[in-house]
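See structure below.
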There are 2 protein chains.
Amino acid sequence: MATREYKQFCGLARAMEMVGERWSMLIVRDLLNGPRRYTDLRKGLPAIPTNILSTRLKQLEEAGLATRRALPHPERAVVYELTEYGRDLEPALIALGRWGARTMTEPRPGEAITAEAVAMSFRTAFRPEQAQDTTVGFEARMGAFTIRLQITDGSLAVGPGMHPAPDLVIERLSGHPVRELMSGSKTPADVLADGSVRVEGDPALLGRFAEMFRF
Amino acid sequence: MATREYKQFCGLARAMEMVGERWSMLIVRDLLNGPRRYTDLRKGLPAIPTNILSTRLKQLEEAGLATRRALPHPERAVVYELTEYGRDLEPALIALGRWGARTMTEPRPGEAITAEAVAMSFRTAFRPEQAQDTTVGFEARMGAFTIRLQITDGSLAVGPGMHPAPDLVIERLSGHPVRELMSGSKTPADVLADGSVRVEGDPALLGRFAEMFRF
DNA sequence: CCGAATCCTGGTAGATACTG
DNA sequence: CAGTATCTACCAGGATTCGG
């Protein structure tokens with residue numbers, strides 16, 4: 001395949017040769033949430049041309065970042081899954097995402113908000129030092145989709161979908177309460193008072209949420 | 001300029017729109033070492049086409065990552081310099097570089113080793129937790145170029161060029177002793193014994209060096 | 001010499017249609 | 001569902017040229 005090379009002996013150059021092409025890192029981002037099928041990936045990346053998606057998946061497989069696996073019989077589907085090497089990109093993607101989030105106030109016209117992008121934003125906003133020794137589960141219901149957040153002994157697991165046994169359910173009623181909490185533009189008391197959010201569980205946990213997820 | 005967009009409300013997508021094009025991150029990497037002129041950048045990126053370099057510099061300027069500045073009179077030169085926003089990319093570049101360095105054993109045929117790439121590799125290999133409260137200066141002479149490393153109270157400053165008052169000078173005589181020290185394939189005693197390195201200063205500091213810089 | 005702009009070519013991405 | 005195929009448009013690579 002001989003992807004274009006930078007002709008430099010440099011770790012950054014090597015990284016960019018492997019995942020520097022358009023869309024590659026976003027595909028890895030989506031796969032960080034677990035194995036995904038081709039059509040799941042298409043859904044999470046509404047603007048990607050299908051030929052580019054298949055090309056990138058082949059390249060990721062070839063580079064050892066992902067594997068392609070056919071599910072056993074009744075499912076009759078193909079799933080793509082990150083290897084450990086691919087998962088090791090997570091810190092770099094978080095660092096990039098955190099940097100990019102600084103100029104991100106409102107969605108631009110035509111921009112999609114995908115579950116995977118939101119999951120990523122929870123990852124980038126997570127403050128491990130605020131979550132020391134904490135174990136708590138959240139379920140964030142944000143209109144079209146729901147995200148599950150589990151913090152176990154201070155380490156975070158995120159994914160799209162419902163939480164099996166949340167300590168707190170955070171349900172968006174109007175506006176963007178979760179984004180406002182995370183950016184610090186509103187306090188937990190604000191969003192509870194103005195009716196933009198409804199919680200199930202101990203409302204005090206919303207304060208812990210705001211401490212642990214902050215840009 | 002409307003660089004191609006990913007149409008997703010996601011920090012990572014925003015980051016890739018700003019610095020995801022070919023060569024952009026490597027230019028930022030080189031500018032991390034301080035203001036550089038157009039020709040300095042060309043030297044540090046031997047394979048970059050000149051039109052791409054000027055296009056990228058304009059884009060970086062437009063995106064607010066870098067500034068273009070004409071030096072006052074006698075110099076009659078233009079320098080490019082990162083803004084604070086641009087410098088904030090450093091952690092992300094380090095994370096990417098660290099990931100990319102894992103598959104980097106030997107230079108591939110035709111690959112250049114530039115001073116900026118080596119400076120970057122010291123940044124990625126640096127272990128702040130090993131350098132707590134340490135203040136020490138190194139000068140690494142690696143054949144064609146020399147790198148200055150200053151650790152002050154545990155924080156690292158790197159750059160090409162000589163160190164004004166090094167506590168230890170590490171001079172390469174043969175092979176790749178510094179790379180071997182950092183990868184752990186040789187110990188300080190090894191490289192001192194096999195004659196691949198010569199030091200000026202307290203040889204015990206080579207042990208500290210190997211502790212603080214390790215992949 | 002420095003700092004580009006220009007031109008041409010070829011490769012990669014985008015859009016959409018189509019298929020096992 | 002999971003991709004190919006095809007066509008177009010754009011971007012990168014390489015060489016040359018140009019103005020200060």
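As the structure is a computational prediction, the values presented were derived from the model and not from experiment. A, B, ... follow the sequence lines: proteins, then strands. Residue 1 opens every chain.
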Of the options [options], whose atoms approach the side-chain atoms of [X] most closely?
X     : options               : answer
A:R4  : D:dG3, D:dC11, D:dG13 : D:dG13
A:R22 : C:dA13, D:dA12, D:dA2 : C:dA13
A:S54 : C:dA5, D:dT4, D:dA12  : D:dT4

For atom [atom1] of [X] and atom [atom2] of [N], their distance in whole Å:
X     : N      : atom1 : atom2 : value
A:E5  : C:dG11 : CD    : P     : 15 Å
B:E21 : C:dG11 : CD    : C1'   : 16 Å
A:R69 : D:dA2  : CZ    : P     : 13 Å
A:R56 : D:dT4  : CZ    : C1'   : 16 Å
B:Y80 : C:dC2  : OH    : P     : 14 Å

Who pairs with [X] by ring pair (Phe, Tyr, Trp, His ring centres under 6.0 Å), at least two apart in sequence or on another chain?
X      : value
B:Y38  : none
A:F126 : A:F213
A:F138 : A:F209
A:Y85  : B:W99

State, with a plain yes or no, whether a side-chain heavy atom of A:W23 is found less than 4.5 Å away from one of A:L53.
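Not touching, per the 4.5 Å side-chain cut-off.
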Which residues pass the side-chain contact (heavy atoms from CB on, under 4.5 Å) test with A:A77, sequence neighbours left out?
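Listed in chain order: A:R37, A:L71.
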Of residues 23-53 of chain A, the positions that come close to DNA chain D - non-hydrogen atoms, cut-off under 4.0 Å:
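Only A:R37, A:Y38, A:T39, A:T50, A:N51 qualify.
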Atom pairs and distances, side-chain donor-acceptor, residues 114-125 of chain B, under 3.5 Å, sequence neighbours left out:
{"unit_1": "B:T114", "atom_1": "OG1", "unit_2": "A:Q8", "atom_2": "NE2", "d": "3.4"}
{"unit_1": "B:T114", "atom_1": "OG1", "unit_2": "B:A117", "atom_2": "N", "d": "3.0"}
{"unit_1": "B:S121", "atom_1": "OG", "unit_2": "B:V118", "atom_2": "O", "d": "2.8"}
{"unit_1": "B:R123", "atom_1": "NE", "unit_2": "B:E90", "atom_2": "OE2", "d": "3.4"}
{"unit_1": "B:R123", "atom_1": "NH2", "unit_2": "B:N33", "atom_2": "OD1", "d": "2.9"}
{"unit_1": "B:T124", "atom_1": "OG1", "unit_2": "B:S121", "atom_2": "O", "d": "3.1"}

Residue pairs involving residues 156-167 of chain A (criterion side chain to side chain donor-acceptor pair (under 3.5 Å); sequence neighbours excluded):
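Qualifying pairs, neighbours excluded: A:Q150-A:H163.
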Return the set of residues passing side chain to side chain donor-acceptor pair (under 3.5 Å) with A:R141 (not counting sequence neighbours), or none when no residue passes.
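For A:R141 the side chain to side chain donor-acceptor pair (under 3.5 Å) partners, ignoring immediate neighbours, are A:E139.
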Which donor-acceptor pairs under 3.5 Å do the side chains of residues 172-181 of chain A make with protein atoms, sequence neighbours left out?
{"unit_1": "A:R172", "atom_1": "NH1", "unit_2": "A:G175", "atom_2": "O", "d": "3.2"}
{"unit_1": "A:H176", "atom_1": "ND1", "unit_2": "A:R179", "atom_2": "NH2", "d": "3.4"}
{"unit_1": "A:E180", "atom_1": "OE1", "unit_2": "A:K186", "atom_2": "NZ", "d": "3.4"}

Using a distance-only test with no angle check, is there a side-chain donor-acceptor pair under 3.5 angstrom linking A:R14 and B:T103?
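The criterion, which ignores hydrogens and geometry beyond distance, is not satisfied for B:T103 and A:R14.
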Atom pairs under 3.5 Å: protein N/O with N/O of nucleotides 17-20 of chain D:
{"unit_1": "D:dG20", "atom_1": "N2", "unit_2": "B:R76", "atom_2": "NH2", "d": "3.4"}

Nucleic acid contacts - residues 7-19 of chain A versus DNA chain C, non-hydrogen atoms under 4.0 Å:
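By residue number: none to list.
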